[in-house]
> 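Take a look at this one; I'll ask things after.
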There are 2 protein chains.
Amino acid sequence: MVPRKTTTRERLITTAAELFRRQGYAQTGVNQIIQEANATSGSFYHFFPAKEDLLLAVVDHIAEVFESGIFAPAAERASDPIDEIFTILDLYRQQLSTEGFTFGSPMAGLSTEVSENHPQVRVRLAEIFADWSGRIEELLRRAGSRLPPSLDRTALAQFVVCTIEGAGLGTRLNQSLAPFDAAIAQLSSYFDLLGDRIGGTTAVATAGRPASVTSPVSDWRSW
Amino acid sequence: MVPRKTTTRERLITTAAELFRRQGYAQTGVNQIIQEANATSGSFYHFFPAKEDLLLAVVDHIAEVFESGIFAPAAERASDPIDEIFTILDLYRQQLSTEGFTFGSPMAGLSTEVSENHPQVRVRLAEIFADWSGRIEELLRRAGSRLPPSLDRTALAQFVVCTIEGAGLGTRLNQSLAPFDAAIAQLSSYFDLLGDRIGGTTAVATAGRPASVTSPVSDWRSW
DNA sequence: GTCTATACCCTGATAGAC
DNA sequence: GTCTATCAGGGTATAGAC
């Protein structure tokens, strides 16, 4: 379950990240983390003075996974800025489910659970979302004249992030990727309409979409 | 803090609903609920055999609040279907903050926290979201020719719900209504573009938007 | 229906040998 | 850095008088 040849510290973090995502922070006991990470109480408190310190490490870990598993590959793979955005969404989609189970956004759960009780963590999470939004905003700027000049790139970027997280919630509740696909399809439609505004009907649409995004989706409510 | 002339059962439910929203389900102890509701352990377990039974009651309570505080007033107040949708969003906006504090969606937190550990509750929450989506879908149908005939009303309705929940997350994380307002503004823009498709540039826009929706919003990331 | 007192377990965290 | 043993406290839930 846990990759070998890793340090105990790493195992504790990756194990905790998975458990927090599945069960939540409060409902995951230190004992369970220790057990599933093949560690001991002594090791745990050697690395992390308190459970909350592990939480901070987990949040940073999630941010790193986003970077190495989503943003970096998307930048490498995509042919143009708009395509890169939808590639990001497609890679994010893959992160939503592990081993056949669908747990929704890795960050949304922590965000709601933690924001009131651990202000420090809340600020960190907000920073990560802002960073994410900023990256998308940058891509929207690079799209240049393919989007209306009057378009508020900042607002649209935030909207993309907001959509993703909302879709992640539907995904988790319905234990299906259909809600996510449906949301991305709508976002795609929005982008198309924005492109229409500035000339030909395919200014944005020609960028292409990853297959999973354009594929037909089932009814969210029938899962 | 708690309305007088209520039954103990009602006080326990409303108090728990508020605490669950603020702190989460797992991080709210039965003792705290009892204390803030001016009840006793005996009363609590007389009405609710276990904490989880209270949770179910709280979920139903939230659904009722949505009905009486959002959907019913919106239906009464709105002049046409599209306007009614944005009135719903505006009323929802008001529910996002209580007493000056912004806690985000009442249901999103429970959804993520509870979906894995309490399948029964998860199904109930999914039903409520589906009901919500269905109501909006019905309004989209009633909008008739003001939206493109080819438009998938079901998908768009789900998208509206998804947007709301995603925006609620941003609202909570940033402790500001700005992310919500920004998201609704984008949604409004999307509706406008959809309206453009079928004739005059104001087919949808003329429906008007509640003031809070059209007001300028600050940058999400600068709160 | 409501009260007080309490059982019992699991939690996060510590101590000290190795 | 890792181990075992253990603590103190708060968690849910119960018992039984009123």
Side-chain angles (χ1 to χ4, degrees), chain A residues 1-59 61 109-110 113-114 116-121, chain B residues 1-59 61 109-110 113-114 116-121:
Chain A
M1 174 167 288
V2 159
R4 353 160 246 188
K5 207 70 187 186
T6 55
T7 68
T8 301
R9 194 188 132 91
E10 284 169 349
R11 284 200 317 275
L12 285 169
I13 291 175
T14 55
T15 304
E18 193 181 321
L19 290 172
F20 289 172
R21 177 149 89 112
R22 225 166 58 204
Q23 309 175 340
Y25 173 72
Q27 287 178 348
T28 301
V30 171
N31 288 329
Q32 189 186 7
I33 299 169
I34 289 169
Q35 195 177 335
E36 298 203 14
N38 273 327
T40 64
S41 176
S43 298
F44 184 97
Y45 287 100
H46 169 70
F47 292 113
F48 307 103
K51 189 187 176 187
E52 188 173 7
D53 296 295
L54 173 63
L55 174 60
L56 276 165
V58 164
V59 169
H61 171 71
L110 287 180
E113 192 179 2
V114 137
E116 180 71 7
N117 313 293
H118 310 263
Q120 203 185 357
V121 183
Chain B
M1 174 168 287
V2 159
R4 347 159 250 187
K5 207 69 189 188
T6 55
T7 69
T8 301
R9 193 187 133 90
E10 285 168 349
R11 284 201 318 274
L12 285 169
I13 291 175
T14 54
T15 304
E18 193 180 323
L19 290 173
F20 289 171
R21 178 148 90 110
R22 224 166 59 206
Q23 309 176 339
Y25 173 73
Q27 286 176 332
T28 301
V30 171
N31 288 328
Q32 190 186 5
I33 298 169
I34 289 169
Q35 196 177 333
E36 298 203 15
N38 273 327
T40 63
S41 176
S43 298
F44 184 98
Y45 286 100
H46 169 71
F47 292 113
F48 307 103
K51 190 187 176 188
E52 188 173 4
D53 295 295
L54 172 64
L55 174 59
L56 275 165
V58 165
V59 169
H61 171 72
L110 286 181
E113 192 179 1
V114 136
E116 181 70 7
N117 313 292
H118 310 263
Q120 203 185 356
V121 184

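Naming: A, B, ... by sequence-line order, numbering from 1 per chain. Basis for what follows: all heavy atoms, side chains included, without hydrogens, waters or symmetry-related copies.
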> Answer with base, sugar-phosphate or nothing: what part of the nucleic acid does B:Gly42 contact at a heavy-atom distance below 4.0 Å?
base

> Distance-only, no hydrogens or angles: does the A:Gln23 side chain make a donor-acceptor pair with backbone N or O of B:Asn117 under 3.5 Å?
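Not confirmed, A:Gln23 side chain does not pair with B:Asn117 backbone.
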
> Determine the contact category for B:Ser41: base if any of its heavy atoms lies under 4.0 Å from a base atom, sugar-phosphate if only primed atoms, P, OP1 or OP2 are that close, otherwise nothing.
base

> How do A:Gln32 and B:Phe47 order along DNA chain C: which one's closest nucleotide is nearer the 5' end?
B:Phe47

> side-chain contact (heavy atoms from CB on, under 4.5 Å) with B:Phe48: which residues, sequence neighbours excluded?
B:Arg9, B:Leu12, B:Ile13, B:Phe44, B:Asp53, B:Leu54, B:Ala57

> Reading DNA chain C 5' to 3', which nucleotide is the first, and which the last, to come under 4.0 Å of any heavy atom in chain B?
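Reading along DNA chain C, I get C:dG1 to C:dA5.
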
> Compare all side-chain heavy atoms of A:Val59 with those of A:Val114 and state whether any distance is below 4.5 angstrom.
no

> Could you tell me the separation between the CD1 atom of B:Ile33 and the P atom of D:dG11, rounded to a whole number of Å?
11 Å

> Hey, which of these two, A:Asn31 or A:Pro49, hits DNA chain C nearer its 5' end, going by closest nucleotide?
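Between the two, 5'-proximity favours A:Asn31.
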
> Under 6.0 Å from the ring centre and within 45 degrees of the ring axis: does the NZ or CZ of A:Lys51 meet both conditions for the six-membered ring of A:Tyr25?
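Geometry flag: set, cation within 6.0 Å and 45°.
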
> Taking atom P of D:dG11 as reference, at what distance in whole Å does atom CZ of B:Phe48 sit?
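Result: 19 Å.
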
> Students often get this wrong, so: under 4.0 angstrom with heavy atoms, is B:Thr28 touching a base, only sugar-phosphate, or nothing?
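Here B:Thr28 touches the backbone only, sparing every base.
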
> Would you indicate whether the side-chain heavy atoms of A:Phe20 and A:Gln27 approach each other to under 4.5 Å?
no

> Rounded off to whole Å, could you give me the CD-to-C1' distance for the B:Gln27 and D:dT12 pair?
16 Å

> Distance-only, no hydrogens or angles: does the B:Glu18 side chain make a donor-acceptor pair with backbone N or O of B:Thr15 under 3.5 Å?
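Absent.
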
